[in-house]
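Below you'll find the structure, written out as structure tokens, and then a few comments.
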Amino acid sequence: MAKPSTLYIYNTLNRRKELFVPRREGTVKLFTCGPSVYREQHIGNYRTFLFEDILQRYLEYQGFDVERGMNFTDIEDKAVAESKSTGHTLSELTQPVIDSFFESSKLLELSLPKPGIPRATEVVSEAVSLVQRLLDRGHAYRHTDGNIYYDPLSYPGFGEVFGLDMSNWPTKRVRFAKDTYDGRRWNRGDFVLWHGNLPDDGFSWDTDLGRGRPAWNVQDPAIILSSLGSEIDIHCGGIDNLYRHHDYNRAVMEGAFGTEFCPYWAHGEHLIVEGKKMSKSRGNVMYPSQILKRGYSPHTIRLSLTYIYYREQLNMTDEHLQNTARLLSRLQKSVDVLMQPQAPTEQAPTEKNGQQRPEWEAQRTDRMIEEIPTVFRLNMDNDLRVKSAVDDLTRLLEHIQRRASVTGLSKSQSTRIRTHMSKLNEVLRILRIE
RNA sequence: GGCGCCGUACCCAAGUGGUAAGGGGGAGGUCUGCAAAACCUUUAUUCACCGGUUCGAAUCCGGUCGGCGCCUCCA
């Protein structure tokens, strides 16, 4: 019998911190937006993946069985363009990126979906059936150019994740000045589901919809459908996809099935470097391997990327890395000491009345040891405050350590500390616990 | 214009209505041949501002000022 969740998570959909309650007791269906694999993932991408990793691991810590879905976006406009311009096949372009993603995931101890991560090109038939459903239900239309678009006006909940004001949305079918599809769509907000009428050039499939390829906006839904079904519990991703993309996912799923797709939406803020947004033109795009080369341990990198509250921008600086390394070594030191029983090494200060009660002292230490999981849960339940959790744990352990030098630490006490720390380290994954 | 975030000591920063964590830096001390490291002590009568709710507000509500991000598929 699974215990109820005690996790409060900020739900973008309702703009409130809410108690997380899954649809089915004991099980969580979690979808996290995966990487576009036409180019290398930087530490900003990994920050988001790590926030999702912590979320998954914390749910598991609470006793939930987490079914996780994730995608590799291996075909969309940019990948196709890149592939064509370099003369590589799609898989020649994406495979090295995927390999490097798995390598970094291992380095950072990212938990990934157990059944694997499907590529968008592997779920084309699901995408086709989704588009077909949307056509059948009147949410999508085929334009004269062969593309298929979604009409947001057909779906009342459109824009709720981002918070779009649909009240003054034009209801007349007109073209818009900022029309990204070259005047081919009919209305603002109509978004493409299917690129049709394509040549047979290795970037298209022969399907019931004709020759074409699924657009980015239908790939996540297709992967969600194939791995988790049409109803999930939590949808995660980077903040940048909050505008449009996540509302598109929701519109596609709810339009196609007519049921609530997902009640909880969580978004990770961006990482910046030395106060500046990462960009190729600025030349400050950072990769995990670069930090590793600077001498920081994988655990330090992992903590530096998860320490700061996920809904705040993280400013990656040298100082931040140094502080993280220092903090981590303090914590590790305390853990190392406290996992061994010890005899008192200092003379207990003589009390005024001269009485020492060793068994009382031991009980006080016991109580402090039992605070370890409490302190951890309290902070993690509060929308995954890793920073507060780590800070409080460090202080608590150092406090226990100071007591232990006076009162000693029994074998059973050190064993309990080891058990607690080892369990919560399954979530944080920043400590060596032999 | 729209959506969102943020203003807490010299700096970074936690604070989920009950009386301001922590870290860095600074200052003083212990130790030391000197230095470093380590350890100890110290460092906000007050949370941008103004109202309101409350027995009680950094925390909630309204407003003002200031900073920031996003608004063409970039996590």
Side-chain angles (χ1 to χ4, degrees), chain A residues 6-10 12 15-19 32-36 38-39 41-52 70 73 75-81 101 159-169 176-182 188 191-192 215-220 236-249 266-272 275-281 285 305 307-315 317 319-320 322-324 326-327 330 333 346 375 378-383 385-396 398 401-402 405:
Chain A
T6 48
L7 170 66
Y8 279 78
I9 187 161
Y10 185 85
T12 309
R15 280 153 231 289
R16 267 201 308 272
K17 213 164 13 174
E18 296 179 334
L19 178 64
T32 60
C33 268
S36 264
Y38 73 97
R39 71 171 183 210
Q41 300 297 294
H42 52 62
I43 56 169
N45 299 107
Y46 287 108
R47 183 203 185 188
T48 300
F49 300 141
L50 279 166
F51 135 62
E52 295 156 348
M70 192 169 178
T73 301
I75 182 161
E76 33 77 61
D77 299 350
K78 281 191 178 170
V80 170
F101 172 78
E160 283 176 355
V161 183
F162 178 66
L164 275 181
D165 179 9
M166 295 294 286
S167 64
N168 51 20
W169 206 256
F176 269 78
K178 280 173 89 175
D179 191 334
T180 49
Y181 295 104
D182 270 341
R188 173 166 69 169
F191 59 91
V192 66
W216 186 51
N217 305 312
V218 82
Q219 295 178 4
D220 284 1
C236 294
I239 190 87
D240 53 296
N241 279 330
L242 172 55
Y243 181 65
R244 309 211 308 182
H245 180 56
H246 289 164
D247 269 306
Y248 292 173
N249 283 357
H267 292 91
E269 250 298 350
H270 278 182
L271 174 150
I272 57 179
K276 299 270 165 45
K277 186 177 166 170
M278 261 194 288
S279 73
K280 268 188 176 164
S281 57
V285 180
L305 290 170
Y307 187 61
I308 301 295
Y309 185 34
Y310 74 91
R311 295 208 313 121
E312 277 174 10
Q313 279 196 349
L314 160 57
N315 188 10
T317 60
E319 192 189 7
H320 175 61
Q322 281 167 18
N323 284 342
T324 307
R326 193 160 40 221
L327 173 68
R330 266 174 65 184
K333 207 162 102 185
E346 287 174 26
V375 154
L378 228 50
N379 284 301
M380 294 302 281
D381 278 343
N382 181 20
D383 203 20
R385 305 290 177 135
V386 174
K387 176 177 163 54
S388 304
V390 172
D391 287 357
D392 285 356
L393 284 170
T394 306
R395 222 169 312 144
L396 179 59
E398 286 178 349
Q401 207 182 332
R402 276 195 297 277
S405 65

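Only this structure's heavy atoms are used, side chains among them; waters, hydrogens and symmetry mates stay out. Proteins get letters first, then strands, A, B, ... in listed order; numbering begins at 1 in each.
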**OP:** Under the salt bridge (Lys or Arg N to Asp or Glu O under 4.0 Å) rule, collect the residues that match up with A:Asp391, sequence neighbours excluded.
**Re:** A:Lys387

Between the protein and nucleotides 37-44 of chain B, which nitrogen or oxygen pairs come in under 3.5 angstrom?
none

Original post:
How is A:Tyr10 classified with respect to the nucleic acid when contacts are heavy atoms under 4.0 Å: base, sugar-phosphate, or nothing?
Top reply: sugar-phosphate

Original post:
Does the side-chain ring of A:His270 sit on the six-membered ring of the B:G69 base, less than 5.5 Å centre to centre and under 30° in tilt?
Top reply: no

Subject >> Residues forming a side-chain hydrogen bond (donor to acceptor under 3.5 Å, both in side chains) with A:Ser388, sequence neighbours excluded >> reply: none

Original post:
Just by modelled atom types, is the A:Arg385 backbone N or O under 3.5 Å from a matching donor or acceptor in the A:Asn379 side chain?
Top reply: no

**OP:** Give RNA chain B the dot-bracket treatment, 5' to 3': Watson-Crick (N1-N3 with N6-O4 or O6-N4) or G-U (N1-O2, O6-N3) under 3.5 Å, [ ] crossing, | other strand.
**Re:** ((((((((.[[[..)..(...]]]((((((.......))))))....[[[[[..)....]]]]])))))))....

**OP:** Figure out the CZ/C1' separation between A:Arg39 and B:A75, and round it to whole Å.
**Re:** 11 Å

**OP:** Please work out if A:Gly237 contacts a base, only the sugar-phosphate, or nothing of the nucleic acid, heavy-atom cut-off 4.0 Å.
**Re:** sugar-phosphate

Original post:
Rounded to whole angstroms, how far apart are NE2 on A:His246 and C1' on B:C74?
Top reply: 12 Å

Subject >> Pairwise P distance for B:A58 and B:U32, with rounding to whole Å >> reply: 47 Å

Original post:
Expressed in whole Å, how much space separates the C1' atoms belonging to B:A57 and B:G24?
Top reply: 30 Å

Original post:
What is the distance from CD of A:Glu319 to C1' of B:G25, rounded to the nearest Å?
Top reply: 10 Å

Subject >> Residues that A:His270 engages under ring-ring contact (aromatic ring centres under 6.0 Å, His included), provided they are two or more places apart >> reply: none

Subject >> Separation of atom CG in A:Asp240 from atom P in B:C71, rounded to whole Å >> reply: 9 Å

**OP:** Return the set of residues passing side-chain hydrogen bond (donor to acceptor under 3.5 Å, both in side chains) with A:His246 (not counting sequence neighbours), or none when no residue passes.
**Re:** A:His267

**OP:** Check side-chain hydrogen bond (donor to acceptor under 3.5 Å, both in side chains) between A:His245 and all other residues, then give those that pass, not counting sequence neighbours.
**Re:** A:Asp220

**OP:** Please report the shortest heavy-atom distance between A:Gly44 and A:Met278, naming the atom on each side.
**Re:** N-CE, 3.6 Å

Original post:
Does the side chain of A:Glu269 reach to within under 4.5 Å of the side chain of A:Phe51, using non-hydrogen atoms?
Top reply: no

Original post:
How is A:His42 classified with respect to the nucleic acid when contacts are heavy atoms under 4.0 Å: base, sugar-phosphate, or nothing?
Top reply: base

Original post:
Checking all strands, does A:Leu327 fall into the base, sugar-phosphate, or nothing category for heavy-atom contacts under 4.0 angstrom?
Top reply: nothing

**OP:** Specify the separation, in whole Å, of atom CZ of A:Arg47 and atom P of B:G69.
**Re:** 16 Å

**OP:** For A:Asn379 and B:G22, give me the distance from atom CG to atom P, rounded to whole Å.
**Re:** 15 Å

Subject >> Distance, P atom - from B:C6 to B:A20, rounded to whole angstrom >> reply: 23 Å

**OP:** Assign A:Asn382 to base, sugar-phosphate, or nothing according to its heavy-atom contacts below 4.0 angstrom with the strands shown.
**Re:** base

Original post:
Distance between the P atoms of B:C60 and B:G18, in whole angstroms?
Top reply: 12 Å

Subject >> nucleotides 7-13 of chain B: protein proximity per nucleotide (B base, S sugar-phosphate only, - neither; heavy atom, under 4.0 Å) >> reply: ------S

**OP:** Compare all side-chain heavy atoms of A:Gln313 with those of A:Leu271 and state whether any distance is below 4.5 angstrom.
**Re:** no

Original post:
Which residues pass the salt bridge (Lys or Arg N to Asp or Glu O under 4.0 Å) test with A:Arg39, sequence neighbours left out?
Top reply: none

**OP:** Could you list the residues that satisfy salt bridge (Lys or Arg N to Asp or Glu O under 4.0 Å) with A:Glu398, not counting sequence neighbours?
**Re:** A:Arg330

Original post:
Side chain of A:Lys17: nearest nucleotide among B:C74, B:U16, B:C73?
Top reply: B:U16

**OP:** For A:Arg395, check salt bridge (Lys or Arg N to Asp or Glu O under 4.0 Å) against everything at least two apart and list the hits.
**Re:** A:Asp392

**OP:** Would you mind telling me which of B:C74, B:G69, B:U16 lies closest to the side-chain atoms of A:Gln313?
**Re:** B:G69

Original post:
Which residues satisfy the side-chain hydrogen bond (donor to acceptor under 3.5 Å, both in side chains) test with A:Asn315, sequence neighbours excluded?
Top reply: none

Original post:
In whole Å, what separates the P atom of B:C10 from that of B:C71?
Top reply: 36 Å

**OP:** Ignoring the backbone of A:Gln41, work out which of B:A75, B:C74, B:A21 is nearest its side chain.
**Re:** B:A75

Original post:
Would A:Tyr310 and A:Tyr10 count as a close aromatic pair, with their ring centres under 6.0 Å?
Top reply: no

Original post:
In terms of side-chain heavy atoms of A:Glu76, which of B:G22, B:C73, B:A75 is nearest?
Top reply: B:C73

**OP:** Could you check how far CD of A:Glu269 sits from C1' of B:G4, rounded to whole Å?
**Re:** 9 Å

Original post:
OP1 or OP2 of B:G15 less than 4.0 angstrom from a side-chain nitrogen or oxygen of A:Arg385, does that happen here?
Top reply: yes

Original post:
How far, in whole Å, is B:A37 from B:C68 if one measures between their P atoms?
Top reply: 37 Å

Subject >> Rounded C1' spacing from B:U53 to B:C40 in Å >> reply: 45 Å

Original post:
When you compare B:C61 with B:U46, how far apart are their P atoms, in angstrom units rounded to a whole number?
Top reply: 25 Å

